[in-house]
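Worksheet: the structure to be examined is printed underneath.
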Amino acid sequence: MASQKWKFDVFFNFRQQDLDKSFVADLHKRLKDIGINVFKPDVNSEWGEQISTEILEAIEESRIAVTIFSKDYTSSPRCLEELTKIMECVDNKGQEFFFVFYKVKPSDGLSPLGTFEADIKGFDLEKVQRWKDALRIADDMAGSRDYFAGAQFSHCAGHVPKVGRDKDNSACHLASNNDLLIGRILIFREDGKCIAEITNKICQVPRIAKYPVGIKSRVEEVKSLLKVEFGGVSFIGIWGRGGVGKTTVAREIFDEISCQFEGSCFLNVGRSLEKLGPGGPALLQWKLLIKILKQHPVNVASLNKEVDISQILRFKKVLIVLDDVYNSHQLEYLAGEHGWFGDGSRIITTTRNSDLLCKHDELYRFPELTNHEALELVSWHAFQQGTPVKEFQELSCCIVDYAKGLPVALEVLGSFLYKQGTEEHNALHRLNSFGDGKIVKLLSLSLDACGIYKDMFLHIACFFRGKQKKYVLKKLNISEMGINILTERSLLYVSEGTIEMHDWIVQMGRQVARDAEQLKPWNRSRLWRESDTKTVFSANQITRTLTFPVAPENESIQKWKYDAFLSFRGDDTRNNFVAHLYKRLEDIGINVFKDDVKLKRGKFISTELLKAIEESRTAIIIFSEDYASSTWCLEELTMIMECVDKKEQKAYPVFYNIEPSDLRMKGKNSSFARALDKHVEYFKSNFEKLVTEHEEDLQYSLQKVLAIDETVLKDNLEKVQRWKHALHKAAGIAGLDVRQTASGNEAESIEKIINDNFQIMHHSVSATEKYLVGIESRMGEVESLFKVRSGDVCFVGIWGIGGIGKTTVARAFFDKISYQFQGSCFLANVREESKKHGLTYLQDTLLSRILNEKRMNIASFYEGADMIKRRLCHWKVLIVFDDVDDEHQLEYLVGNHDWFGEGSIIITTTRNQDLLRSHDQLYSVPELAKDEAIEVFSWHAFQKQTPDKEFLELSKSVVDYAKGLPLALKVLGSFLYKRGVTEWRSAIDKLKDTGHEKIVKQLSLSLDGLNHEEKNAFLDIACFFRGRKKDDVITLLNSFGFRSEIGIDVLIQKSLLYISEGMVEMHDLIEQMGRQVARNVDQDKPWKHSRIWHEQDIKTVFSADQRTESIKGIMVPIGSDQHICKWSKAFRNMPCLRLLIVKGEEVWHHDLICDPIECLPSNLKWLDWSYYSFESLPAYYEPGNLVGLHMTFSSLVEVFKEPKAFDKLTVLNLSFSKNLIRTPNFSDIPNLQRIILKSCVSLVEVHPSIGHLRKVVFLNMEYCESLKSLPSSIQMESLKSFNLSGCEKLEKFPEIQGNMELLSELLLAHTAIWELPSSVGLLSGFAFM
């Protein structure tokens, strides 16, 4: 019988009306998440409807059928017809069958003569009889039903395999406290357990290749090497080219024999390591052990540490398949020695590199398909039969010839031909060019046949391979149908929820994307190579073809983790030339990978090293006398040359005391030629030695051994040829001859290496700023100022109004020339950083960045100034002090010229020209010229260089009002982007009303495009939250009922905000504008303002005793809290106040600063009061609306003297409240998510109700030094992090009750706890303890 092609993995047969709404949906989602292709029919069919052809075909094309029997299952003709068809497929097509009893007894659900008899009256008798037969067959499969009599259960699930169905009526026994195991049927009380069991059973069914042509013979050949029936531990290696079928055969063998072992694991090593990152090897070890042991290994301390597998598996008979291994270290981590595994174990490795299999007992070189097999395979995919259709015989043979026996190529091309018309077939006949691109051309035609799904395929091949399926669907805004179509055509597959495709398919897809005019990348649809992108952006060509110009999510087109990789022969250069070069590169901020620093050397080149080469922008190869004597160096070089070809990497050869011609190995005196000859001699002698050893061992077949060893020798000799080719290629690359540079001066040679390789890198940094119009001319003007004092220390001041572009000019100039200096530092936001952290922090930052040292903990700014002078007076440095606003900042950071070495350049940017009196040169940043302003505005308003024709005059009007201020042009352009002419005119009319007054008023127009919620979020940030962490700002705004995640994104798009290092930031002018808007109504009546923060306004509001519904937020600056304490009754007049921030200060005397606060407004959502100086909150305050309570460094003894309900409180932070004795009753705070009681040193009483907070995620009680006890038990199912470190008197940890599997971090350092309760051992989610 021909092999069955399964289109779907699973078909669901059920009656939706009987099931809980989420049961099938959850089951369907679970299967889809792990890559199971599920067909779920329409659940809305009613009585009398005929079953559709689509459903009948879907049943036939499904590998597994799952029937869910429920109370009224047989009342649905559709369900019974589907079941009848399923039973036919079980008998005729080898389909697998699973059944689930859902809230019904099997005796009712399966008997055609039982309680369902009434349901089937009135139907055609012949049809009814078919239904009865199907139910009876299903009944037979389920086994005896007597064991279910009187049982109390919710669901039960079973599996009937297609052969050897067990009808044994074995007695039931208890599986656990909640489940009953009866024969082959498992009964569950919970939906989740039932879904998990069904999923598990489906995953256990062997996945058979769609058309396993040639698979069976290869499986048998490998099984003959395995010799499973014998003892001992055996390693078997399967090797061959990519796409030849190694994984398919290994998977078939694994599925067939894994039941004979105590534990088994099929591990995709290559792809897994790419996903897991630096900790990949250790995580793979964990993954392997968890799959084999079916649980976390109890004696393994951390996911981040490597595991001693031998200690865990040495007495266990296991079957392990390590698939797609490409590095010897992977084998060392996962299957190092035979002694790691128990007697009878079998370890199978698949790889493309036979060199990795030197320790394996048996090798199997995977052959390509024969022409006969290839013809059969392509026929199955193209015509659904074992031979070609007569009229396509010649074409099929042609495809077979092109594919060269590669199954993946035959599968793709055959799938393309499936159900195509003669026009598509004739297109293949018309291909006359059969060069290297023949398969690409065939693939291109198969993609054309995909229609609208071609673009989807190219997006995935270029950008999304290995991404989560959900992520791809969302990013491309596509339906699952497209994924299914591409899967059917064998162009991709879903594995563990991620979208994957074969390497060959990826290469072909990317080639198709690049085929349009190789030399004109702007004519291509997608770009991912750095050189192509540079060409496009520098060519200034109009392109209408780019649909996805760069990798999504702002990922760089080529992610370079390192700036430079050093390849060198350690014995020759490690302690001299390379050491000096490495130090110099690090000093100027170049991120260098030097393998003897990062890695331990071994016999084989490591995975980390290969990855480092791939992730380095530039490879500097130091060729020395004995470089070629190291196989490690030669492998590095080979990899580098591959990356030069494929990844646009730059290689830079350095010839250290040798001639460049030595690499070409033409003369007898070439050390490189001698070294390669020695490698050849070694490989040959090693071959002869192995042959001699095997001749003496009678257990080996000499012919077989010779075949294997000759293959190894052949591969080693080919490797030498690759090394020779790489050396020849490197010799032809322009580099540096140390002996010919400055008469052999190594220091000068190192400087030339830096200039040749890293000057351009610094030039490109400022390209991150969008639309740098006019920057080149301004940089040129600044550069001309330094020539006046060439060689001396030069101070240059750049000044101008806010938003004019001072920082942008300084940053661009810094990036361009910083490589020329011994040290450099761009000290950004001096004004803000000085206020936040003080001058000593900035001094420390300056020195640590320039000297590349750790922070120095400077005690005072006098000491810092002296240290700057002493440490930098002989250094040639470039320093930019950005946004200086106080002369003390210059006095203690910049000082005088003699603070710095000869040739140093010091640049200061400021709004105050008066601060620059001691500077040598001044540069006032000019406003943009009119043509520059129009261009800047156009980029933001139209996303192109010039305005649309119909908007030209309107654009000129806007530019006139902006007065050449780049920030204003950017904000106004972003505001008008994609708006119509009417909206433009309205905005300009509004501009005319404000005249030529302050830029702040012009910027306020941008708020008109915001809705009420977005505008309020912006004003809150401008008045209170600028400079805070983005996550904290989101939490705060959400407490007011805002959807702030969306709102912040809108504000960023409108150029009103930006995120810098995780902080919410905005330009000074934008902040000023926002604050002005909040104060615009009646400047002299602050009680009418929406937000107040000035001390005078606060004093006026609290002393005026005026009722106001305008004030939404108050931030009290340091030293002003006495006003709100003195007149706290004024809070009764503020019913709309939702935010109160009080920046208190520590009270040094025992006397309170004023009388206690009498009340707080009940509408408060967020109360943040540091150094609160009273023992409790006001007795008359009702906190029912409070979402966040932050009272750090407070004098609280208890939160309230009497119990209060905090129904909405989610965040409670009382850290450093040294007088706090007891916590509140947490029964009154049911929605808490974060509790922070850090350093509450007097806390002795924690209310027992804390242990029953179901929503708490984070609980920090660190350094509560007086705390002696906690509740006897806790049941906190959402808790992820619990910190008790420093609770010195705490002796006992609570018992764990219920489900706390989310707890991943438990910190108990410096406590008196010596023993944990046994219930802690039930927690399986620990990542850190």
Side-chain angles (χ1 to χ4, degrees), residues 22 26 29-30 33-34 176-178 188-197 199-200 276 279 282-283 286-287 289-291 293-298 300-305 468 470 496-497 1031-1032 1034-1035 1038 1045 1187-1188 1209-1213 1223 1226-1227 1229-1238 1246-1262 1270-1285 1287 1290 1293-1309 1311 1313 1316-1329:
S22 64
D26 289 348
K29 181 178 184 299
R30 174 68 183 128
D33 285 347
I34 62 173
S176 70
N177 291 332
N178 297 315
F188 301 94
R189 300 184 189 278
E190 301 174 12
D191 282 10
K193 282 193 173 184
C194 187
I195 289 171
E197 180 64 16
T199 303
N200 185 46
L276 296 175
L283 290 171
W286 264 78
K287 194 171 181 180
L289 289 174
I290 290 170
K291 285 189 176 183
L293 303 175
K294 306 300 183 187
Q295 62 182 11
H296 288 272
V298 295
V300 179
S302 170
L303 277 171
N304 298 318
K305 295 182 179 178
Q468 283 289 321
K470 291 180 181 178
E496 297 183 358
D1031 291 342
D1032 292 346
I1034 288 173
T1035 301
N1038 285 349
E1045 292 90 345
V1187 177
L1209 194 69
T1210 63
V1211 181
L1212 176 64
N1213 185 355
T1223 68
F1226 292 102
S1227 301
I1229 323 177
N1231 292 304
L1232 266 180
Q1233 297 175 16
R1234 295 177 65 84
I1235 304 175
I1236 308 168
L1237 302 174
K1238 181 179 180 180
V1246 177
H1247 198 278
S1249 57
I1250 195 172
H1252 301 287
L1253 291 171
R1254 299 295 184 90
K1255 297 182 180 180
V1256 169
V1257 175
F1258 181 85
L1259 176 54
N1260 186 350
M1261 302 178 71
E1262 186 180 11
L1270 290 171
S1272 59
S1273 65
I1274 58 174
Q1275 186 175 0
M1276 307 171 78
E1277 59 193 29
S1278 300
L1279 188 63
K1280 295 181 180 179
S1281 176
F1282 194 1
N1283 190 350
L1284 291 168
S1285 297
C1287 297
L1290 185 63
F1293 188 82
E1295 288 283 344
I1296 302 293
Q1297 293 186 348
N1299 178 7
M1300 288 184 60
E1301 293 181 353
L1302 294 179
L1303 184 60
S1304 60
E1305 184 179 72
L1306 177 60
L1307 304 177
L1308 302 173
T1311 66
I1313 298 173
L1316 293 174
S1318 58
S1319 55
V1320 172
L1322 300 175
L1323 301 176
S1324 60
F1326 275 137
F1328 183 71
M1329 177 174 178

- Derivation of the side chain to side chain donor-acceptor pair (under 3.5 Å) call for E1295 and S1273: CA-CA 4 Å; E1295 288 283 344; S1273 65; over 6 Å; no

Is there side-chain contact between [X] and [Y], with at least one heavy-atom pair below 4.5 Å?
{"X": "L1259", "Y": "I1250", "value": "yes"}
{"X": "L1290", "Y": "M1261", "value": "no"}
{"X": "I1034", "Y": "E1045", "value": "yes"}
{"X": "V1256", "Y": "F1226", "value": "no"}
{"X": "I1236", "Y": "F1258", "value": "yes"}
{"X": "I1274", "Y": "M1300", "value": "yes"}

- Nearest atoms (heavy-atom pairs only) where G1251 meets P1271: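 Closest pair (atom of G1251, atom of P1271, distance): N-CG, 4.5 Å.
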
- Do you know which two heavy atoms are closest between L1302 and S1278, and how far apart they sit?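 Residues L1302 and S1278, closest heavy atoms: CD1-CA, 4.0 Å.
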
- Could you tell me which residues satisfy side-chain contact (heavy atoms from CB on, under 4.5 Å) with E1277, sequence neighbours excluded, listed by chain and number?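 In terms of side-chain contact (heavy atoms from CB on, under 4.5 Å), with neighbours along the sequence ignored, E1277 is linked to R1254.
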
- Sequence neighbours excluded, which residues qualify as side-chain hydrogen bond (donor to acceptor under 3.5 Å, both in side chains) partners of S1249?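 Here the qualifying residues are N1225, H1247.
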
- Message: Once side-chain hydrogen bond (donor to acceptor under 3.5 Å, both in side chains) is applied, do any residues pair with K1280, and if so which ones, sequence neighbours excluded?
- Response: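 side-chain hydrogen bond (donor to acceptor under 3.5 Å, both in side chains) list for K1280, sorted by chain: empty.
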
Separation of [Y] [atom2] from [X] [atom1] (nearest 0.5 Å):
{"X": "K1255", "Y": "M1276", "atom1": "NZ", "atom2": "CE", "answer": "13.5 Å"}
{"X": "N1283", "Y": "E1262", "atom1": "CG", "atom2": "CD", "answer": "4.5 Å"}
{"X": "T1311", "Y": "L1284", "atom1": "OG1", "atom2": "CG", "answer": "7.5 Å"}
{"X": "N1213", "Y": "N1260", "atom1": "CG", "atom2": "CG", "answer": "9.0 Å"}

- Message: Run T1223 and I1235 through side-chain contact (heavy atoms from CB on, under 4.5 Å) and show every step you take.
- Response: CA-CA 11 Å; T1223 68; I1235 304 175; over 6 Å; no

- Message: Exactly one of V1211, N1038, T1210, N1231 should register a side chain to side chain contact (heavy atoms under 4.5 Å, CB included) with V1187. Which one does?
- Response: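 Of V1211, N1038, T1210, N1231, side chain to side chain contact (heavy atoms under 4.5 Å, CB included) with V1187 is met by T1210 alone.
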
- Message: Checking L1306 against F1293 for the side-chain contact (heavy atoms from CB on, under 4.5 Å) test, could you report, in this order, the C-alpha distance in whole Å, the side-chain angles of both residues, the deciding distance, and whether it holds?
- Response: CA-CA 11 Å; L1306 177 60; F1293 188 82; 3.7 Å; yes

